[in-house]
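Here is the structure we will look at, set down as structure tokens.
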Number of protein chains: 2
Amino acid sequence: MPTTSDADLLRAHEMRATTPRLAVLSALRKTKYPMSAHDVAKAVRTKKVDMVTTYRTLESFKTAGIVTQVELQRGRAYYELSEGRKDHHHIVCINCDTVEDFTGCDYDALVKKALRQTVGFSSVTHHSLELFGMCTPCSKK
Amino acid sequence: MPTTSDADLLRAHEMRATTPRLAVLSALRKTKYPMSAHDVAKAVRTKKVDMVTTYRTLESFKTAGIVTQVELQRGRAYYELSEGRKDHHHIVCINCDTVEDFTGCDYDALVKKALRQTVGFSSVTHHSLELFGMCTPCSKK
DNA sequence: GTACTATTTGCAACTTATTTGCAAGTACAA
DNA sequence: TTGTACTTGCAAATAAGTTGCAAATAGTAC
Ligand SMILES: [Mn+2]
Ligand SMILES: [Mn+2]
Ligand SMILES: [Zn+2]
Ligand SMILES: [Zn+2]
């Protein structure tokens, strides 16, 4: 029995399994850091995937929940596969752009606390949390 | 004894008290929500402040610590006065863009937890946390 | 008040990220 | 194998923010 292929993953989200989409998926799988549209485009350039297609693909993956958009405050969008990685966040070096994951934001307690405080909100659908600082190599200099 | 004026605030940060800067400060004071560069520009348009000046002013205020930049995931930068508001965060309606403040992210514990988990990081300088959901009016429909 | 100078501003042009329109190409159900 | 709805590529358009530079001005020194 073959493990579910990327083509099946796409079809499970009612998307056709096209060459550009499979290439983008594969690129995202190979990288452990979040990727920008340009990072992805560079990774799939051998397949001659247009930049616009890269943008559209990432957007549709996001809508489908295949990728999660990450806010790294670099003036562009970053994405990583949603698969497997639940509620983790990122610590980012403001000097060299290194990124590491961490977990433990205690989402449920946070949401409860926030909803108790606010007057006009009744539900939370998602959240964004990132830490910015210096990686050890960068802080030694 | 007069309360410290905005002009003095600017001079305290070695900035000249110019008409555009005073206008931007005043606009930020009047609004309780974070403002984008366009929001600010609109608010000071009677003073004929150029858009570029608005951008430059907000940037210099940020560097001086007069404003704090807020990430609302709307593809542009938002700012609010730093003054007084310590470590609070925002809950944002994904439907109508309403924003409310909340506090209680337990920053110190979070940083400690994150630094214990990561291998390559030694310090955290700032963080970003926001919740996204539906405000009560928007969820009733 | 007047003059001086370093800052700051406005305007035009530029860059970068992302979006849109549309004709041509292709996955896949039949 | 065919038909068609979904996708793609290319060109052009937006949108946010930046840069260069000459003209304007705040703060300081007479
Ligand atoms: Mn991650
Ligand atoms: Mn706030
Ligand atoms: Zn670093
Ligand atoms: Zn709402």
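Quantities reported herein were computed from a predicted structural model and do not represent experimental measurements. Below, chain A is the first sequence line, B the second, and so on; all start at residue 1.
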Exercise for the section: Could you tell me whether A:Arg74 contacts a base, only the sugar-phosphate backbone, or nothing, with contacts defined as non-hydrogen atoms closer than 4.0 Å? Expected result: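 Here A:Arg74 touches no strand at all.
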
[X] [atom1] to [N] [atom2], straight-line distance once rounded to whole Å:
X: B:Tyr78; N: D:dG17; atom1: OH; atom2: P; result: 9 Å
X: B:Asp50; N: D:dA22; atom1: CG; atom2: P; result: 18 Å
X: A:Arg21; N: C:dC28; atom1: CZ; atom2: P; result: 10 Å
X: B:Leu58; N: D:dT18; atom1: CG; atom2: P; result: 11 Å
X: A:Arg11; N: D:dT7; atom1: CZ; atom2: C1'; result: 15 Å
X: A:Glu14; N: D:dT7; atom1: CD; atom2: P; result: 10 Å
X: B:Gln69; N: D:dA16; atom1: CD; atom2: P; result: 14 Å
X: B:His13; N: C:dT7; atom1: NE2; atom2: P; result: 18 Å

Exercise for the section: Would you check if the distance from the ring center of A:His127 to the ring center of A:Tyr107 is below 6.0 Å? Expected result: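 Yes; A:Tyr107 has its ring centre under 6.0 Å from that of A:His127.
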
Problem - salt bridge (Lys or Arg N to Asp or Glu O under 4.0 Å) pairs, two or more places apart, involving residues 14-38 of chain B - result: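 Checked against salt bridge (Lys or Arg N to Asp or Glu O under 4.0 Å) - neighbours excluded - the pairs reaching residues 14-38 of chain B are B:Asp6-B:Arg29, B:Arg29-B:Glu83.
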
Exercise for the section: Classify the side chain of B:Arg76 versus the base of D:dA15 as yes if they form a donor-acceptor pair under 3.5 Å and no if they do not. Expected result: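 No, the side chain and the base share no sub-3.5 Å donor-acceptor pair.
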
Practice task
Using the closest heavy atom to pick a nucleotide of DNA chain D for each, name whichever of B:Met15 or B:Ala77 lands nearer the 5' end.
Solution key: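 Nearest nucleotide further toward 5': that of B:Ala77.
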
Problem - Toward the 5' end of DNA chain D, by each residue's nearest nucleotide, B:Ala7 or B:His38 - result: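 Of the two residues, B:His38 wins.
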
Exercise for the section: Could you pick out which residue, B:Lys48 or A:Arg16, lies toward the 5' side of DNA chain C when each is mapped onto its nearest nucleotide? Expected result: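 This one resolves to B:Lys48.
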
Problem - Exam field: side chain A:Glu80 to backbone A:Thr68, donor-acceptor pair closer than 3.5 Å - result: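 Pair absent, no side-chain N/O of A:Glu80 close to backbone of A:Thr68.
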
Problem - Side-chain donor or acceptor of B:Gln117 paired with backbone N/O of A:Thr103 under 3.5 Å - result: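 Present.
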
Exercise for the section: Show your working on side chain to side chain donor-acceptor pair (under 3.5 Å) between B:His89 and B:Asp101 and close with a plain yes or no. Expected result: CA-CA 6 Å; B:His89 298 279; B:Asp101 291 346; over 6 Å; no

Problem - D:dT8 OP1/OP2 closer than 4.0 Å to side-chain N/O of A:Thr18 - result: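 Yes, within the criterion.
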
Handout entry: Criterion side-chain contact (heavy atoms from CB on, under 4.5 Å) against B:Phe61, the qualifying member of B:Met15, B:Arg56, B:Gln69
Key =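 Considering B:Met15, B:Arg56, B:Gln69, a side-chain contact (heavy atoms from CB on, under 4.5 Å) with B:Phe61 is found only for B:Met15.
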
Identify the pairs formed between an N or O of the protein and an N or O of nucleotides 19-22 of chain C at a distance under 3.5 Å, and give each distance.
from, atom 1, to, atom 2, distance (Å)
C:dG21, O6, A:Arg56, NH1, 3.4

Practice task
With the side chain of A:Ala37 defined as its heavy atoms from C-beta on, choose the nearest nucleotide among D:dC10, D:dA16, C:dT18.
Solution key: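 Out of D:dC10, D:dA16, C:dT18, the nucleotide with an atom closest to A:Ala37's side chain is C:dT18.
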
Exercise for the section: Mind checking ring-ring contact (aromatic ring centres under 6.0 Å, His included) for A:His38 and listing every partner two or more places apart, or none if nothing turns up? Expected result: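 Once residues adjacent in sequence are excluded, A:His38 has no partner under the ring-ring contact (aromatic ring centres under 6.0 Å, His included) criterion.
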
